[in-house]
Amino acid sequence: MIYFEQKGDFSNTKRFMERLKEIVKCSNLDVYGKKGVAALSAATPVDTGLTANSWKYEITHNKESATISFTNTNIQNGVPIAVILQYGHATRNGG
């Protein structure tokens with residue numbers, strides 16, 4: 001015969017399952033990351049296409065939230081080219 005006894009409640013299990021449910025919801029962030037990269041690439045001026053094709057994204061999770069970070073890997077002589085395109089260079093008004 002097997003005898004099983006349980007004491008306490010399932011509050012820790014419930015809390016774990018609630019967090020797990022939120023993480024599963026956040027798994028859709030991959031779709032938004034791809035859409036964001038496509039939008040950034042389309043909005044980036046194209047000369048050689050290197051900067052427009054250098055957009056990447058990364059999804060990070062912690063206990064309470066998830067974050068999408070977008071980066072551009074086109075760096076020339078230590079200068080991020082996407083930043084120069086955004087803010088302008090060598091002009092008075094940044095245009």
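In this structure, Thr73 and Lys56 have side chains that are in contact, with non-hydrogen atoms separated by less than 4.5 Å. Within the 4.5 Å cutoff, the side chain of Val79 has heavy atoms near those of the Ile84 side chain.
Residues passing the side chain to side chain donor-acceptor pair (under 3.5 Å) test with Asn74 are Thr51, Gln76, sequence neighbours excluded.
Checking Thr67, Thr60, Ile68 one by one against Leu29, the side chain to side chain contact (heavy atoms under 4.5 Å, CB included) holds for a single residue, Ile68.
Pairs engaging residues 65-83 under the salt bridge (Lys or Arg N to Asp or Glu O under 4.0 Å) rule: none recorded [sequence neighbours left out].
With a 6.0 Å radius and a threshold of 12 heavy atoms from other residues, nucleotides or ligands, Tyr32 has its OH atom at or below the threshold.
Ile75 and Val83 fall into different hydrophobic clusters, where Ile, Leu, Val, Met, Phe, Trp and Tyr residues are linked whenever their side-chain heavy atoms come under 4.5 Å apart, directly or through other members.
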Please tabulate, for side-chain N and O atoms in residues 34-45, each donor-acceptor pair with protein atoms closer than 3.5 Å (sequence neighbours left out).
| from | atom 1 | to | atom 2 | distance (Å) |
| --- | --- | --- | --- | --- |
| Ser41 | OG | Ala52 | O | 2.9 |
| Thr44 | OG1 | Leu40 | O | 2.6 |
| Thr44 | OG1 | Trp55 | NE1 | 2.9 |

